[in-house]
Enquirer: 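Mind having a look at this structure? Questions to follow.
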2 protein chains.
Amino acid sequence: MNIGAASEKSGLPAKTIRYYEDIGLLTADRASNGYRDYSIADVHRMRFIQRSRHLGFSVEECRQLLSLYHDKERESADVKALAEAKLAEIDRKLVELAELRDTLRHLVRNCHGDSRPDCPILDGLSRSDHTQ
Amino acid sequence: MNIGAASEKSGLPAKTIRYYEDIGLLTADRASNGYRDYSIADVHRMRFIQRSRHLGFSVEECRQLLSLYHDKERESADVKALAEAKLAEIDRKLVELAELRDTLRHLVRNCHGDSRPDCPILDGLSRSDHTQ
DNA sequence: CTTGAGCTTCCAGTAACTGGAAACATTATA
DNA sequence: TATAATGTTTCCAGTTACTGGAAGCTCAAG
């Protein structure tokens, strides 16, 4: 399939797909006319990257995540360790995101809009730790 | 408190705090010596931004989120609508993140590492929609 | 009173796109 | 079949969101 169709199916702009090829995050077959030619598996990879980027992972982190996706030596200790680290990071993000949602909900429903120091949500915010 | 302390408490690099001031995302009082002087409420705002950025919201989106945080006219229809939109977006991100976690877990535990088209996780990936 | 850490501004560089020009390929319409 | 519109190519420039480094001022410790 052409880049336009791949773009539509993956959610990545065609421009971005070409850029990812430039930096070696994706590869592409070429048709006889010179057009890039993508498979379903390529689209899966794009979608995987699109999702990871959308959720705040850097391109380098996406490269690592993709290596988990690609790597045939799934048993090697360092790949396992990387996978566990990424899973833990995702779990932390899930918690953070849930907190952000609760903060916003609370702001909309319960707070007065001023910056009163006794606003209960501010306590909640200051309680959260930020170890990274 | 000085920028160093605010940085440590908020998780934002001092450089980034100054940058956010440049683009009008944050403001700062100044002490008599010219140093920036931050309150606890300022740190809360920083933390709020740090979290939102870390979770994939753009600076412009953070500006909107902050307006929810600040706005004293919490009752106006457009602010309410923006809040609801952002909450829905966060909920979508929560789903996406959970899916990414499941994908990764599955890849680590069940898949073979090759790109076989019958790998069950690939089906899962292709099933997810990407309407935005 | 000096040494070092922390702060200031400014300017340049990087990461990750994003837009636009010029040219070739394909598809749709007359 | 001619032509116009759309899609694709490469390349180069611009944008967003930082990030690093220089030069100079301020402050706390010894």
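First the proteins, then the strands, lettered A, B, ... as listed; each starts at 1.
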Enquirer: Compare every heavy atom of B:Leu65 with every heavy atom of B:Ser52, then report the nearest pair and how far apart it is.
Expert: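 In this case the closest contact between B:Ser52 and B:Leu65 is OG-CD1, 3.7 Å.
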Enquirer: Extract, from 5' to 3' on DNA chain C, the first and final nucleotides lying under 4.0 angstrom from some heavy atom of chain B.
Expert: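 Span of nucleotides near chain B: C:dG6 to C:dC10.
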Enquirer: Quick one: do A:Leu87 and A:Val95 end up in the same hydrophobic cluster if we chain Ile, Leu, Val, Met, Phe, Trp and Tyr together by side-chain heavy atoms under 4.5 Å apart?
Expert: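 Different clusters.
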Enquirer: Walk me through whether A:Glu60 and A:Arg63 qualify under salt bridge (Lys or Arg N to Asp or Glu O under 4.0 Å).
Expert: CA-CA 5 Å; A:Glu60 278 320 300; A:Arg63 219 184 280 277; 3.2 Å; yes
Enquirer: If I take atom CE in residue A:Met1 and atom P in nucleotide D:dT8, what distance separates them, rounded to the nearest angstrom?
Expert: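 Going from A:Met1 (CE) to D:dT8 (P), I get 12 Å.
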Enquirer: If you find the nucleotide of DNA chain D closest to B:Glu60 and the one closest to B:Lys15, which residue's nucleotide is nearer the 5' end?
Expert: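 Closer to the 5' end of DNA chain D: B:Glu60.
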Enquirer: What is the distance, to the nearest angstrom, from the CG atom on B:Leu12 to the C1' atom on D:dT19?
Expert: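 Nearest whole value for this atom pair: 14 Å.
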Enquirer: Determine whether B:Ile90 and B:Phe57 make a side-chain contact, defined as any pair of heavy atoms from C-beta on separated by less than 4.5 Å.
Expert: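 Side-chain contact under 4.5 Å: yes.
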Enquirer: Nearest to the side chain of A:Ile3 - D:dT8, D:dA17, D:dT19?
Expert: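 For the A:Ile3 side chain, the nearest candidate turns out to be D:dT8.
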Enquirer: Taking only residues two or more places apart in sequence or in another chain, which ones pass side chain to side chain donor-acceptor pair (under 3.5 Å) with B:Arg101?
Expert: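 Residues passing side chain to side chain donor-acceptor pair (under 3.5 Å) with B:Arg101: A:Asp91.
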Enquirer: Is any NZ, NE, NH1 or NH2 atom of the basic residue among B:Glu96 and B:Lys93 found under 4.0 Å from an Asp or Glu carboxylate oxygen of the other?
Expert: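 B:Lys93 and B:Glu96: not salt-bridged.
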Enquirer: What parts of residues 21-37 of chain A reach DNA chain C, counting only heavy atoms under 4.0 Å away?
Expert: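 When residues 21-37 of chain A is checked for heavy atoms under 4.0 Å from DNA chain C, the hits, listed by number, are A:Asn33, A:Tyr35.
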Enquirer: Taking OH from A:Tyr19 and P from D:dT9, how many angstroms apart are they, rounded to a whole number?
Expert: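 About 18 Å, once rounded to whole Å.
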Enquirer: Between B:Arg30 and B:Gly34, what is the shortest heavy-atom contact and its length?
Expert: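 Taking every non-hydrogen atom into account, NH1-O, 3.0 Å.
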Enquirer: With a 4.0 Å cut-off on N to O distance, would you call A:Glu99 and A:Arg92 a salt bridge?
Expert: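 Salt bridge between A:Glu99 and A:Arg92, a charged N being under 4.0 Å from a carboxylate O: no.
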